[in-house]
**Q** 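Questions regarding the structure given below will be posed in turn.
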Amino acid sequence: MKLTILGCYAATPRTFSNPTAQVLEIKNHTFLIDCGEGTQVQLRKNKVRFSKINHVFISHLHGDHFYGLVGLISTFMLLNRQTDLHIYGPKGIKEIILLQLRVSNSFTGYNLYFHELTSKESEVIFEDQKVVVKTIPLKHRIYTNGFLFQEKKGERKLNVDAVKQYDIETCYFQNIKNGKDFTLDNGQIIPNSALTFDPIEPKSYAFCSDTAFDLNIVSTIQNVDVLYHETTFLKQEEDKAEKTMHSTAQQASLIAKEANVKKLILGHYSTRYESIECFKLEAEEHFSNVLLADDGKVFEF
Ligand SMILES: [Zn+2]
């Protein structure tokens with residue numbers, strides 16, 4: 001998996017910081033997660049090919065998480081896109097986008113599919129043979145979801161030397177990769193473990209922005225490889241965090257610890273702070289593997 005942070009600051013776009021948007025490359029998919037104002041410029045700066053984006057996941061309808069979407073849809077139109085575009089987001093997103101297109105007398109030459117979300121329980125919203133995407137219901141001022149991206153367990157890896165040794169024909173390889181034992185002509189059964197290696201462990205990524213401190217999400221994100229959790233404020237502004245239904249760095253680290261995640265990435269910083277290093281220091285008091293998101297930063301895992 002490769003995660004490119006296009007923007008990870010709260011509220012307004014500024015000279016050197018952008019509102020929330022990220023690109024997750026996972027099993028041949030290029031998923032766009034949130035689409036704050038200026039996302040298409042950030043996509044260009046970070047050399048993400050527009051044509052690769054077929055699925056956009058919007059957490060909630062606060063401006064700093066989706067005001068870039070209609071612009072991106074419009075640019076796709078000008079680039080003569082033909083491929084379907086799927087948008088997953090809270091109920092209302094279809095009405096907002098279609099109103100803007102209709103009033104400006106703009107029509108996409110490609111199919112635009114809206115998958116509007118209303119459930120307060122975690123649900124599967126995308127699935128193919130290799131990946132599943134689920135919602136993570138969050139606690140915020142308006143209806144909000146995080147998203148959990150999980151790779152599925154792949155097939156077993158063929159032990160090329162072993163299948164050669166037993167002179168097994170290629171037409172049996174798929175069965176063996178699916179976990180079946182093999183019977184030789186003399187009736188001897190070769191166990192699958194002698195013919196294959198374990199598949200690579202599937203990875204998972206949880207995106208949680210924006211949310212108040214909420215231990216209810218822990219069961220959904222248990223043991224993920226990487227958790228992105230918002231931290232708009234530091235502990236000293238905990239009252240502001242509570243009032244605006246955001247989290248502090250300390251709260252993000254407590255969620256990471258409770259959920260037993262491997263890595264925690266912090267983001268959605270309020271621009272009131274001069275340096276983002278203080279978020280890392282605060283989070284490290286409770287959780288050791290803390291990374292700081294920043295615009296243009298790439299994480300591979
Ligand atoms: Zn918000």
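Just follow the structure's listing: the first ligand is 1, and inside any ligand the first atom is 1. One-based numbering along the sequence shown.
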**Q** For Tyr205 and Glu151, what are the C-alpha separation, side-chain angles and deciding distance, and is it a side-chain hydrogen bond (donor to acceptor under 3.5 Å, both in side chains)?
**A** CA-CA 9 Å; Tyr205 171 60; Glu151 291 177 352; over 6 Å; no
**Q** Will you find, in the side chains of Ser253 and His286, an N or O donor that is under 3.5 Å from an N or O acceptor?
**A** no
**Q** Is the side chain of Tyr269 donor-acceptor paired with the backbone N or O of Leu266 at a distance under 3.5 Å, no angle test?
**A**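 Yes, Tyr269 side chain to Leu266 backbone: donor-acceptor pair under 3.5 Å.
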**Q** Which protein N, O or S atoms does the Zn ion (ligand 1) have within a distance shorter than 2.8 Å?
**A**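 Atoms qualifying: His60 NE2, His62 ND1, His140 NE2, Asp210 OD2.
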**Q** Could you name each residue pair satisfying salt bridge (Lys or Arg N to Asp or Glu O under 4.0 Å) that touches residues 261-281, not counting sequence neighbours?
**A**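 Residue pairs passing salt bridge (Lys or Arg N to Asp or Glu O under 4.0 Å), neighbours aside: Asp225-Lys262, Lys280-Glu284.
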**Q** Would you mind listing every side chain to side chain donor-acceptor pair (under 3.5 Å) that reaches into residues 113-127, with sequence neighbours excluded?
**A** His86-His115, Glu127-Lys152
**Q** Under 3.5 Å, side-chain donor or acceptor atoms of residues 45-58 against the rest of the protein: list the pairs with distances, not counting sequence neighbours.
**A**
| from | atom 1 | to | atom 2 | distance (Å) |
| --- | --- | --- | --- | --- |
| Asn46 | ND2 | Gln42 | O | 2.8 |
| Asn54 | OD1 | Arg81 | NH2 | 2.8 |
| His55 | ND1 | Tyr88 | OH | 3.1 |

